[in-house]
There are 2 protein chains.
Amino acid sequence: MTKSSTKVTALDVAKRAGVSQPTVSRVFSRGSMVRKSVREKVEAAARDLGYMPNTLARSLITGKSRTIGVVVAYLNNPFYPEALEKLSASLNAKNYHISIFFAANLDDEVDPVIEKLLAQQVDGMILASVSISNKLSQRLNEVGIPFVLFNRGQLGDNIASVTAANYSGGRKAAEFLVAAGHSRIAHISGWQKSLNGQQRQAGFTDYLNQQGMEAFACIDGEFSREKAAQVTRDLFAGDKKPDAIFVGNDHMAFAVLETLKTELRLNVPNDVSLIGYDDVQMASWKTFDLTTLRQPANRMVEATTSMLLNMIEDPATLRQKIEIESELIVRGSARIPDNWPKSEK
Amino acid sequence: MTKSSTKVTALDVAKRAGVSQPTVSRVFSRGSMVRKSVREKVEAAARDLGYMPNTLARSLITGKSRTIGVVVAYLNNPFYPEALEKLSASLNAKNYHISIFFAANLDDEVDPVIEKLLAQQVDGMILASVSISNKLSQRLNEVGIPFVLFNRGQLGDNIASVTAANYSGGRKAAEFLVAAGHSRIAHISGWQKSLNGQQRQAGFTDYLNQQGMEAFACIDGEFSREKAAQVTRDLFAGDKKPDAIFVGNDHMAFAVLETLKTELRLNVPNDVSLIGYDDVQMASWKTFDLTTLRQPANRMVEATTSMLLNMIEDPATLRQKIEIESELIVRGSARIPDNWPKSEK
DNA sequence: CTGAAAGCGCTTACAG
DNA sequence: CTGAAAGCGCTTACAG
């Protein structure tokens, strides 16, 4: 292999192979027909020079960067690293790559990031757990850059999203806890300014109400460990104490469990049953052994990338709000109702 | 704001503002002098049209993409999500953005990713916990794309890296455990094919040897939870059992702690003292309360990005191997020697 | 199948 | 300070 200390272009390869520059281009852009002998000559020359097409130039001319902008709220919650890896794998398999940004869930952090992504000419965007301002979503529609919200629903006609079936997940949590005989069931909810948090809570309380019951309490944990721990303390500060807690996600549930065991010296599940939401990998650690509703990251990712790529290929593609059913994963942190059907671990 | 369903270019703005296209360019590329009245006219026109310079075209011509390729081995170990967020923040602050890829630590996964990054015309690369083949590192040097290894050293003259001072960290772990009176100290090491793993072990055993002691055992945990748990079981299977364990990173240490408590029913630190390495956020959770050596992610990230950007600006920049001292963070998982100086939590 | 020509949307000397 | 011109490294009709 010949050393090349400076950038080698298609023209260099063309000269070395004795062909025109467009022919080199044809060899490297799939679908073009080049005579086999010519192709081999070009490939040999390219190999010798260490040539590789400049994707910047290619993107400029094709109008497709094959880049997907991914915006993630925070990686604190272990659901996101897991999802991010899977998103990357799925997109790479489809020959796209990721430009990533982190942004807290505030318009004034998210909007500038989206502008940057726009300047980078991304072909589409995935917004994980961040919401988008109306202004921006309109803007994206105008310039024709499709986007899908991942794990965060948002009202609005033209907004595609992929989430768990949060309402029905909330119901399932309540159903399980009621079936186990609990009567003082508290809910430390997901952030009530997010649809995820609202819907999980709505499903939970609706089921309870339909059984003629009321929630012991519903308090916003704001998807924060600290807040969830504080709410837990408050919940047990009075005379009347809950006998079960449904927590809006696993990330908070770990903090609740810790507070219950380490601070309040309670036994889980004997004193209190605990249910989370997500089924992140840590939930299955023996340390936590958390009963939870699984958000199937694989399927959510697959739904997200395929919808997004469809939107990119065909702008007329419907902006769906896809909900993926959550399965209850029964582990040791919550009392198991008699006759409850066995589930895998 | 005028709606624009199609892409708006500098030329459109120029026409609307009644100036030439290069003048528009000058307004948007910093440093160029434009009369104030003209600048304002152009900015107004740009705002009306929703114009934003196409960074692809800009990069093509300047030869700088302001993109840093980041390759991460896996996000399993919570150190990486934490570091990744910080890397992103640091790079964004310097007006760079990230193109991210995940690759297992194998040449045949890493090399193709680096090729892709090369085609994308990244200005530099950060390789987090992946090693690079000699072929590729030579190649990168030839094409003049600087890179720095993050949290993974590698021998070789022209290879820049930022790591913890792993050897001295290993020594500190041994020193602390010896001072606490332990005499049967085992080491579940980091992956012995990584310099991190080797050096932490070397520091540990060297200190012991200098005290006239020997390690109870040194077994490779391979940075894997499963492997670490299995090694823990093996360690306690015989008649002679360790009274302390130094684990090659926190990620494994959590699995060791779990096995110790949940499976082997041992009390930590009364039966066994445990020390990890990294000080990821979880280490401070009461659930784990892990004594550990802190890898200061902030400082490592800062060292990484500033060295990389220096290399980008001035190719003559020395390829340093920067080591950042690890501080021992004393928590509850290991017996505390008498008279040990108090440290912050 | 292949070459000559045009052009993607910018930046950057070069004149004025 | 500003415009006309050239050019970054490709792809894509258009002829042949």
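Letters A, B, ... are given to chains in the order of the sequence lines, protein chains preceding strands, and every chain is numbered from 1. Computed from a predicted model, the values in this text were never measured in an experiment.
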Residue pair A/Gly50 / A/Val8: nearest heavy atoms and the distance that separates them: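 It is O-CG1, 4.2 Å.
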Watson-Crick or G-U counterpart of C/dA4, or none if no pair lies under 3.5 Å: none
- prompt: Paired with D/dA13 by Watson-Crick or G-U wobble geometry, both distances under 3.5 Å: which nucleotide is it?
  reply: none
Under 4.0 Å between a side-chain N/O of [X] and OP1 or OP2 of [N], yes or no?
X: B/Thr23; N: D/dG3; value: yes
X: A/Arg35; N: C/dT2; value: yes
X: A/Thr9; N: D/dG9; value: no

Please pick, from [options], the nucleotide with the shortest atom-to-atom distance to any side-chain atom of [X].
X: B/Ser25; options: C/dT12, C/dG9, D/dG3; answer: C/dT12
X: B/Ile61; options: C/dC10, D/dC10, D/dT2; answer: C/dC10
X: B/Ser29; options: D/dC10, D/dG9, C/dT11; answer: C/dT11
X: A/Pro53; options: D/dC10, C/dT11, C/dG3; answer: D/dC10
X: A/Thr62; options: C/dC10, D/dT11, C/dT11; answer: D/dT11

Length of the [atom1]-[atom2] vector between [X] and [N], whole Å:
X: A/Leu11; N: C/dA5; atom1: CG; atom2: C1'; result: 14 Å
X: B/Gln21; N: C/dT11; atom1: CD; atom2: C1'; result: 8 Å
X: B/Arg26; N: C/dG9; atom1: CZ; atom2: P; result: 20 Å
X: A/Lys15; N: C/dG3; atom1: NZ; atom2: P; result: 15 Å
X: A/Lys7; N: D/dC10; atom1: NZ; atom2: C1'; result: 15 Å
X: A/Asp12; N: D/dC10; atom1: CG; atom2: P; result: 9 Å
X: A/Phe28; N: D/dT11; atom1: CZ; atom2: P; result: 10 Å
X: A/Leu56; N: D/dT11; atom1: CG; atom2: P; result: 12 Å

Touch class at under 4.0 angstrom, heavy-atom based, for B/Val24 against every strand present: nothing
- prompt: Should the pair A/His97 and B/Phe101 be assigned to parallel (<30°), tilted (30 to 60°) or perpendicular (>60°) ring geometry?
  reply: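 Tilted.
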- request: Nearest-nucleotide wise, let me know which of A/Pro22 and A/Lys36 is further upstream toward the 5' end of DNA chain C.
  value: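 Whichever sits nearer the 5' end wins; that is A/Lys36.
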- prompt: Which of these, A/Thr304, A/Asn196, A/Asn77, sits in a side-chain hydrogen bond (donor to acceptor under 3.5 Å, both in side chains) with A/Asn151?
  reply: A/Asn196
- prompt: A/Asn310 and A/Thr317: side-chain donor and acceptor closer than 3.5 Å?
  reply: no
task: May I ask you to check whether over 12 heavy atoms, not counting those of A/Lys193, lie within 6.0 Å of atom NZ?
output: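 Incorrect, the count does not exceed 12.
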